[in-house]
Amino acid sequence: LAQASIADLFFYGLIIGLAFVASLLIVGYIVALVKKQPAERYASAEAMADGDYSRRVTATSQGEVGTRARSFHDMAAKLDRVEGIAAWAEMLRDTMAGSGGLEQSIIATAGVAPPAIRRDVVRLAARLERERLAPSLREFADELDDPSGDLVVAALILGSPEFQRQ
């Protein structure tokens, strides 16, 4: 009976020790996750400060940290889009200064537009093949759904020969 008790105590001690080690591993994993996200957000913020808006933060939780990570991601995407619109407007300006009109410049810059708006610009170029400039640009502004895009499109419409003739 005394030996059975010692064996039972050894078994229970082993189980408790394994549970303790497992809990330490789980706590270590959680701490690593919590520490990783602020470091990732910090690195992304540094990249954005340097003008790289393509960096994103992954949201792995549904709590406050995850909500903040998603907000940071959305902000970076919006900044990337605004930067893309500005860069594309400069491309249009440079292309128009060196060659033909607005429609030709839009078509010429479609394939090299910034990645954040390239798909929208390609659709605009395709739309210009079958529609007039002003309606195509208005639809483009709706697709961009961005105040900066609205300003660029308004300037393009107001400066277009089609508008000047009216």
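Quantities reported herein were computed from a predicted structural model and do not represent experimental measurements.
- Between S136 and R132 the shortest heavy-atom distance is OG-O, 2.8 Å.
- To the nearest 0.5 Å, atom CD of residue E129 and atom CD1 of residue I107 are 5.0 Å apart.
- The minimum heavy-atom distance between V112 and M91, with the atom names listed, is O-CE, 3.1 Å.
- To the nearest 0.5 Å, atoms CD1 (I30) and CD1 (I26) are separated by 7.0 Å.
- I85 pairs in a side-chain contact (heavy atoms from CB on, under 4.5 Å) with only one of the listed residues (L144, V153, D120), which is L144.
- Interatomic distance, OG1 of T109 versus CG of D94, reported as 10.5 Å (0.5 Å rounding).
- By the criterion of side-chain heavy atoms lying less than 4.5 angstrom apart, applied directly or through intervening Ile, Leu, Val, Met, Phe, Trp or Tyr residues, V152 is grouped together with I157 in one hydrophobic cluster.
- L124 is not listed as a side-chain neighbour of E143, based on a closest heavy-atom distance of 4.5 Å or more.
- Between V122 and R119 there is no side-chain heavy-atom pair separated by less than 4.5 Å.
- Within the model, atoms CZ of R138 and CG of L133 stand 9.0 Å from one another, a figure rounded to the nearest 0.5 Å.
- The two residues P114 and G84 come nearest to each other via the heavy atoms CG-O, 3.3 Å.
- Rounded to the nearest 0.5 Å, atoms CD (E83) and OG (S148) are 10.5 Å apart.
- Taking every heavy atom of both residues into account, G111 and R118 meet most closely at O-NE, 3.5 Å.
- Criterion: ILVMFWY side-chain heavy atoms under 4.5 Å apart, direct or through other members. Under it, I106 and M96 are part of a common hydrophobic cluster.
- To the nearest 0.5 angstrom, D142 atom CG is 8.0 Å from D150 atom CG.
- I117 and W88 make their closest contact through CD1-CB, 3.5 Å (heavy atoms, listed as atom of the first residue, atom of the second, distance).
- Surrounding CZ of R93 are more than 12 heavy atoms belonging to other residues, nucleotides or ligands, all under 6.0 Å away.
- Nearest approach of T95 to A108, heavy atoms of both residues: CG2-CB, 4.2 Å.
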